[in-house]
Every structure is written in structure tokens, then in C-alpha cells.
A.B. asks: 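Structure below; questions to follow.
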Amino acid sequence: MIDEELMRNALVTAQGALASGDVPVGAIIINKQGDVIASAHNERELRSDPTAHAEIVALRRAAEKIGNWRLEDHTIIVTLEPCAMCAGAIAQSRISTVIFGAWDEKAGAVGSVWDLLRDPRSLFKVEVRGGVLAKECAELLKVFIQGVRTKD
């Protein structure tokens with residue numbers, strides 16, 4: 001039940017991306033007590049920054065808030081399966097758990113196309129729970145993409 005509540009929070013955060021025309025992906029980071037210490041949505045369009053994925057922005061905010069880049073004993077909850085860039089950043093930050101919603105069959109790097117976080121050669125071991133509220137997360141993306149196609 002807690003995973004679903006956290007994902008609902010991430011879905012609300014994802015909505016913030018719509019104002020700038022960004023893909024609505026949201027991420028939140030909680031500490032081991034369950035307190036939200038950072039949240040973010042995609043900001044690539046807003047910042048003209050190809051690295052401004054929700055996960056990257058949230059990781060930066062969390063590290064700044066706690067004053068340490070090592071986010072051991074923290075969990076990231078994201079509405080879309082992280083890509084290779086984000087999975088790498090998650091591993092480097094030492095996040096202990098990833099919870100994600102929709103699977104990304106084209107660019108997912110946490111089980112779909114690749115599985116960077118659970119690869120036996122990986123230096124860092126990360127617990128992964130995918131598919132949490134997958135339908136709701138996928139629907140938000142589907143509606144956004146259909147809207148973009150309608151404008152073209």
C-alpha cells in the first residue's frame with residue numbers, strides 16, 4: 001500500500017512538467033523515515049538541458065538538502081522506468097531502492113531494455129520494484145503524447 005501512496009505523490013509531481021511542455025514524469029526521494037526530502041518533474045524543455053530528467057533533478061535537490069551526494073538508505077519513486085543515464089546516476093548516488101510506475105519498452109534501463117541496477121557486474125546493489133500504478137503512470141504519458149501529436 002505504501003508504494004501506491006508514494007507513486008500517487010510522484011504522479012502529482014509529474015503534472016508540474018506540463019506547464020513547460022515537458023514529458024510528465026515525476027520523481028520523489030524519501031529518507032529511511034519515509035519523509036519526502038526532494039521532488040522534481042522533467043525540466044528538459046524548461047531549462048534547455050538534456051540531463052534535466054525528473055530523477056536527475058530530484059537527486060540533485062536531495063543531495064543539496066542533506067549536504068551529501070551519498071543517498072544511502074533513501075528511496076526514489078518515479079513514474080516512468082529510469083533510462084540509462086538516470087539509472088547510472090541512481091547507482092552513483094547510492095540510492096538503496098527504486099520504485100517506478102510505467103515500464104519504458106524503448107529506453108528503460110531498470111528491467112525493460114537493460115537492467116543496469118541489478119546487473120551482477122554492477123558495483124552497487126539496488127532494490128527495484130517496478131510496475132507500481134503502471135496503468136495510471138502510462139495513461140498520463142499517453143494523454144500527453146496524444147496531445148503533442150494532435151498539435152503537429
A.B. asks: Do H74 and I30 touch side chain to side chain, with heavy atoms closer than 4.5 Å?
C.D. replies: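 No - every pair of side-chain heavy atoms lies 4.5 Å or more apart.
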A.B. asks: With a 4.5 Å limit on heavy-atom distance, are the side chains of V113 and K106 in contact?
C.D. replies: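 No. Closest side-chain heavy atoms not under 4.5 Å.
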A.B. asks: Which pair of non-hydrogen atoms, one from A14 and one from G26, has the smallest distance, and what is that distance?
C.D. replies: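 Here A14 and G26 meet closest at CB-N, 3.3 Å.
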A.B. asks: Would a 4.5 Å heavy-atom cut-off, applied to side chains only, mark V36 and N9 as touching?
C.D. replies: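 Contact flag for V36/N9 side chains = yes.
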A.B. asks: By side chain to side chain donor-acceptor pair (under 3.5 Å), which residues pair with Q33, not counting sequence neighbours?
C.D. replies: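 For Q33, the residues satisfying side chain to side chain donor-acceptor pair (under 3.5 Å) (neighbours in sequence not counted) are N31.
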A.B. asks: Mind listing the side-chain donor-acceptor pairs of residues 57-68 below 3.5 Å, one per line with the distance, residues two or more places apart or on another chain?
C.D. replies:
from	atom 1	to	atom 2	distance (Å)
R61	NH1	S39	O	2.8
R61	NH2	E43	OE2	3.1
N68	OD1	R70	N	2.9

A.B. asks: Output all residues satisfying side chain to side chain donor-acceptor pair (under 3.5 Å) with D22, sequence neighbours left out; order by chain, then residue number.
C.D. replies: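 Residues passing side chain to side chain donor-acceptor pair (under 3.5 Å) with D22: S20.
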A.B. asks: Please identify each residue that fulfils side chain to side chain donor-acceptor pair (under 3.5 Å) with E55, with sequence neighbours left out.
C.D. replies: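 E55 satisfies side chain to side chain donor-acceptor pair (under 3.5 Å) with no other residue.
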A.B. asks: Write out all pairs satisfying side chain to side chain donor-acceptor pair (under 3.5 Å) with one or both partners inside residues 80-100, taking only residues at least two apart or from two chains.
C.D. replies: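 Output for this query lists E81-S112.
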A.B. asks: Hey, what do you get for CG (L6) to CG (L11), rounding to the nearest 0.5 Å?
C.D. replies: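 With rounding to 0.5 Å, CG (L6) is 11.5 Å from CG (L11).
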A.B. asks: Find out if a path of hydrophobic residues (ILVMFWY) with successive side-chain heavy-atom gaps under 4.5 Å connects L46 to L18.
C.D. replies: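 L46 and L18: separate clusters.
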A.B. asks: May I ask you to test the M85-I56 pair for a side-chain heavy-atom distance under 4.5 Å?
C.D. replies: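 In contact.
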A.B. asks: Pairs under 3.5 angstrom only: tabulate donor-acceptor contacts from the side chains of residues 116-143 to other protein residues two or more places apart or in another chain.
C.D. replies:
from	atom 1	to	atom 2	distance (Å)
R118	NE	D115	OD1	3.2
R118	NE	D115	OD2	3.1
R118	NH2	V110	O	3.1
R118	NH2	D115	OD2	3.2
D119	OD1	R121	N	2.7
D119	OD1	R121	NE	2.9
D119	OD2	R121	NH2	2.6
S122	OG	F124	N	3.3
S122	OG	F124	O	3.0
K125	NZ	S122	O	3.0
E127	OE2	R129	NH1	2.6
R129	NE	D3	OD2	2.8
R129	NH2	D3	OD1	3.0

A.B. asks: Taking T13 for the side chain and A40 for the main chain, is one N or O donor matched with an acceptor at less than 3.5 Å?
C.D. replies: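 A pair under 3.5 Å: no.
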A.B. asks: Quick check on the hydrophobic clustering: are W114 and L80 connected, directly or via other members, by side-chain heavy-atom contacts under 4.5 Å?
C.D. replies: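 Not linked; separate clusters.
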A.B. asks: When you compare the side chain of P24 with that of Q15, does any pair of heavy atoms fall below 4.5 Å?
C.D. replies: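 Counting from C-beta outward, Q15 and P24 never come under 4.5 Å.
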A.B. asks: Once you round to the nearest 0.5 Å, how far does CD1 of I99 lie from CD of E4?
C.D. replies: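 The distance works out to 9.0 Å.
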A.B. asks: Counting C-beta onward and ignoring hydrogens, is there a side-chain heavy-atom pair between I76 and I28 closer than 4.5 Å?
C.D. replies: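 A side-chain contact is absent here, since even the closest heavy-atom pair is not under 4.5 Å.
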A.B. asks: Return the NE2 to OG1 distance between H41 and T79, rounded to the nearest 0.5 Å.
C.D. replies: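 So the NE2 of H41 and the OG1 of T79 are separated by 11.5 Å.
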A.B. asks: Do F100 and I77 come within less than 4.5 Å of each other through their side chains, counting heavy atoms only?
C.D. replies: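 The answer is no; the side chains never approach within 4.5 Å.
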